[in-house]
Amino acid sequence: MIPFLDLKNINAQYRAELIEACTRVIDSGWYIGGNELEKFEQNFAEYCGVKFAIGVANGLDALILTLRAWKELGKLKDGDEVIVPSNTYIASILAITANDLVPILVEPDINTYNIDPNNIEAAITTKTKVILPVHLYGQLADMPTIMQIANKYNLLVLEDSAQSHGATINGRKAGNWGDASGFSFYPGKNLGALGDAGAVTTNDQELAQMLRALRNYGSHEKYKNLVPGVNSRLDEIQAAMLDVKLKFLDIETQHRRKIANLYLTEIKNPLIKLPLENINAEEYQQHVWHLFVIRIEYRKTLQQYLAENGVQTLIHYPIPPHKQQAYKEWNDLNYPISETIHAEIMSLPIGPTLSLNEAHTIVKLCNSFKG
């Protein structure tokens, strides 16, 4: 079996360094809010090209707490609208409704799967205060255009960078375009912890200070709580694990690009719609290929065919947010592009330990599929 993503092997590459880091934390006697967190925050901020990185418990909290911080700072209030893509993972939307804000769903570009800037401006009302672009599958949304729109209407921009660690446009990385960005370090991400973890990046010192308080019960100073906060802290062990793996992120990304290039150039089955079929060399190097997502009308049959031949695939994601029971009030809404995407997409294996021989096997199977 070729697994979709072999986390055990991915982490085994760095086993000695991970054990050393873990041992260092155990022996320190300091497990929350110590040197490991500070070091990782500094290194991740530097990697993203920003002034501040604030570690939190997970990627969803990174988004929730950023929106909450803006409310505490008087930049948002209940009922304000947040523009968000209609085909995102539900976490992007949960963060909005958790703050008593209103999600405004906008259709994506069918070719990139990212929010279509052409649809953003038409969705702006007097209540719009935030654009929340999601960098889906490892490719940045069209941030130059989105930032122009945000500046024109004086809107905040919160990037959802959960799938785009290291992705760039014009040399500028995910997490350094908007006013802030939420990252997930869920184990399956390109930069994955050995448990749950997340971070917010920003160049705004006031926001960074508020986030540090919110993640720690609203406390800027021990036992002094200035705002109603939560417990959402990135612990010392996960920070240490992430700091080890951060050093290898760009090397792993280059391997992902080799696999993606093989798929893009060798899969010739006309039934399969490849991502970015007309991708140029520059765009190829900007993409970090968190996922390699194809579209096919015969998805169930292809998935079964690949499984029978020893290849595991996944679907990211089978149900669009507006069709989820959690938002049943939206179930009758119509977002045809998103619905087409969610009905046809399938993710092929891609990752830092997938061999080129395994990728060639997957290519051959895709090309031999008859529908």
Side-chain angles (χ1 to χ4, degrees), residues 33 37-84 91-92 94-103 128-135 140-141 143 146-147 149-151 153-162 164-165 172-185 197-221 224-234 239:
L37 175 62
E38 183 179 354
K39 183 171 69 168
F40 173 67
E41 288 178 333
Q42 290 174 349
N43 289 339
F44 191 65
E46 182 178 346
Y47 179 81
C48 295
V50 298
K51 294 179 181 178
F52 308 104
I54 302 93
V56 294
N58 54 67
L60 175 56
D61 280 3
L63 298 176
I64 289 175
L65 293 180
T66 302
L67 293 171
R68 188 167 301 173
W70 281 334
K71 291 182 76 175
E72 292 290 348
L73 293 169
K75 297 184 178 183
L76 297 176
K77 63 181 185 304
D78 289 359
D80 284 343
E81 295 177 351
V82 180
I83 292 175
V84 64
S92 310
L94 290 172
I96 300 169
T97 57
N99 280 289
D100 296 317
L101 303 170
V102 180
T128 306
K129 294 294 183 289
V130 183
I131 303 173
L132 200 163
V134 181
H135 307 317
L140 288 185
M143 292 308 297
I146 290 170
M147 293 310 299
I149 295 170
N151 291 334
Y153 292 93
N154 194 29
L155 304 177
L156 295 164
V157 176
L158 172 56
E159 300 172 68
D160 184 337
S161 300
S164 61
H165 314 71
R172 190 171 173 182
K173 287 182 178 172
N176 190 18
W177 282 91
D179 298 278
S181 178
F183 283 88
S184 168
F185 304 123
V200 179
T201 58
T202 184
N203 289 305
D204 184 339
Q205 184 174 7
E206 184 182 36
L207 175 62
Q209 290 174 338
M210 180 59 72
L211 285 164
R212 290 191 189 102
L214 284 172
R215 72 178 177 185
N216 188 38
Y217 303 102
S219 176
H220 289 71
E221 183 181 339
K224 293 184 179 180
N225 305 83
L226 301 183
V227 293
V230 298
N231 179 1
S232 179
R233 297 175 298 204
L234 175 57

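Note that these values count all heavy atoms, side chains included, but never hydrogens, waters or copies made by symmetry. Starting from 1, each residue takes its place in the sequence as its number.
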Atom of [X], atom of [Y] and distance for their closest heavy-atom approach:
X	Y	value
Ser219	Lys224	OG-O, 3.2 Å
Val84	Ser92	CG2-CB, 4.1 Å
Trp70	Ala180	CZ2-CB, 4.1 Å
Asp61	Asn58	N-OD1, 2.7 Å
Met210	Val227	SD-CG2, 4.0 Å
Ala91	Leu63	O-CD1, 4.3 Å

So how far is it from [X] [atom1] to [Y] [atom2], rounded to the nearest 0.5 Å?
X	Y	atom1	atom2	result
Asn216	Ile54	CG	CD1	13.5 Å
Ile64	Thr97	CD1	OG1	8.0 Å
Leu60	Ser232	CG	OG	9.0 Å
Leu76	Glu72	CG	CD	11.0 Å

Any side-chain heavy atom of [X] within less than 4.5 Å of one from [Y]?
X	Y	answer
Lys51	Gln205	no
Val50	Lys173	no
Pro133	Trp177	no
Phe40	Leu234	yes
Leu156	Lys129	no
Asn176	Asn203	yes
Leu132	Val134	yes
Val56	Leu65	yes

>> Going by side-chain contact (heavy atoms from CB on, under 4.5 Å), Phe52 matches just one of Arg212, Glu41, Gln209. Which one?
In response: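 Among Arg212, Glu41, Gln209, the one meeting side-chain contact (heavy atoms from CB on, under 4.5 Å) with Phe52 is Arg212.
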
> For the rings on Tyr47 and His165, is their centre-to-centre separation under 6.0 Å?
Replying inline: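 Judged by ring-centre distance (under 6.0 Å), Tyr47 and His165 do not meet the cut-off.
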
> In this structure, are over 12 heavy atoms from other groups packed under 6.0 Å from Asn151 atom CG?
Replying inline: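 Enclosed.
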
> Do Lys75 and Asp179 sit within salt-bridge range, that is, some charged N less than 4.0 Å from a carboxylate O?
Replying inline: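 Asp179 and Lys75: not salt-bridged.
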
> Which of these passes side chain to side chain donor-acceptor pair (under 3.5 Å) with Lys71: Asp100, Asn99, Asp80, Asp78?
Replying inline: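 Answer to the side chain to side chain donor-acceptor pair (under 3.5 Å) test with Lys71 among Asp100, Asn99, Asp80, Asp78: Asp78.
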
> Would a distance-only check, ignoring hydrogens and angles, find a side-chain to backbone donor-acceptor pair under 3.5 Å from Arg233 to Gly33?
Replying inline: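 Flag not set: sc Arg233 to bb Gly33 has no pair under 3.5 Å.
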
>> Using a 3.5 Å distance criterion without hydrogens, assess whether the side chain of Thr201 forms a donor-acceptor pair with backbone atoms of Gly175.
In response: yes

>> Using the rule given for side chain to side chain contact (heavy atoms under 4.5 Å, CB included), can you reason through Arg68 versus Val230, listing the C-alpha separation, both sets of side-chain angles and the distance that settles it, and then say yes or no?
In response: CA-CA 11 Å; Arg68 188 167 301 173; Val230 298; 3.5 Å; yes

>> Would Glu159 and Met143 count as a side chain to side chain contact (heavy atoms under 4.5 Å, CB included) here? Give the steps.
In response: CA-CA 9 Å; Glu159 300 172 68; Met143 292 308 297; 4.0 Å; yes

